[in-house]
Every structure is written in C-alpha cells, then in structure tokens.
Amino acid sequence: ASAAEVAATGPAEPSAVTVDAAALAQIAELDPGGKKGLVKRIVTLFVDDSARLIAELATALESGDADAARRSVHTLKSTAANVGGTTLAQ
C-alpha cells in the first residue's frame, strides 16, 4: 500500500504485540528502585521518536526516496529492539 493509501485507511491491525520483558528488565536494572523513572522515560522517548520516524518514512515513500525510507525503517527497527519491541524489530 502506498503512504497515501495507509493514511486514508489507517494502518493494518497488528496480529500480536510482543514486548520482551527481559529487555525492559535490563533497562530497569540501570535504575534500582525506579526512583529516576528510567524505563518510563526511555519508553516515552521511543514512542516520540517512533512518531517522527514514521512521519519521515511516509515523506520518503511519497517522494520516492528509497535511501531515506531505508534509514527510517532501520532506525525504527533498531530502537524497537532496544526497548523490547521484538515484533516491530523483526
């Protein structure tokens, strides 16, 4: 589907959302007791950055810029893996 088609119809429903609890646990270990709210801050940064990357991807697809699209997808997949987003990272 083109970016315009996805924008018009919305994204497909995910079949399953998988979060690797071990990845989040590793982040939590860096903030014993959770006093600094590290997991929440990192997940919030991921969500915010993902929105930007998806917008960049849509722009790249609309303009036919395959290199920019590839960079956006690669970055999105990599950051998803870092926060335990295994489904997205695949």
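- Without hydrogens or angle criteria, Thr79 side chain to Leu76 main chain gives a donor-acceptor distance under 3.5 Å.
- With sequence neighbours excluded, the residues that form a side-chain contact (heavy atoms from CB on, under 4.5 Å) with Ala60 are Asp65, Ala68, Ala69.
- Among residue pairs with one or both ends in residues 48-58, those qualifying as salt bridge (charged side-chain N to carboxylate O under 4.0 Å, His left out) are Asp49-Arg52, Arg52-Glu56; sequence neighbours excluded.
- Sequence neighbours left out, the pairs with a member in residues 68-89 that pass salt bridge (charged side-chain N to carboxylate O under 4.0 Å, His left out) are Asp67-Arg70.
- Of all non-hydrogen atoms in Ala89 and Ala80, the two that sit nearest each other are N-CB, 4.2 Å.
- A distance of 11.5 Å separates CG of Leu24 from CD of Glu29, quoted to the nearest 0.5 Å.
- Expressed to the nearest 0.5 Å, how far OG of Ser78 lies from CG of Leu88 amounts to 10.0 Å.
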Report all side-chain donor-acceptor pairs from residues 37-46 shorter than 3.5 Å, counting only partners two or more places apart or in another chain.
residue	atom	partner	partner atom	Å
Arg41	NH1	Lys36	O	3.0
Thr44	OG1	Lys40	O	2.8

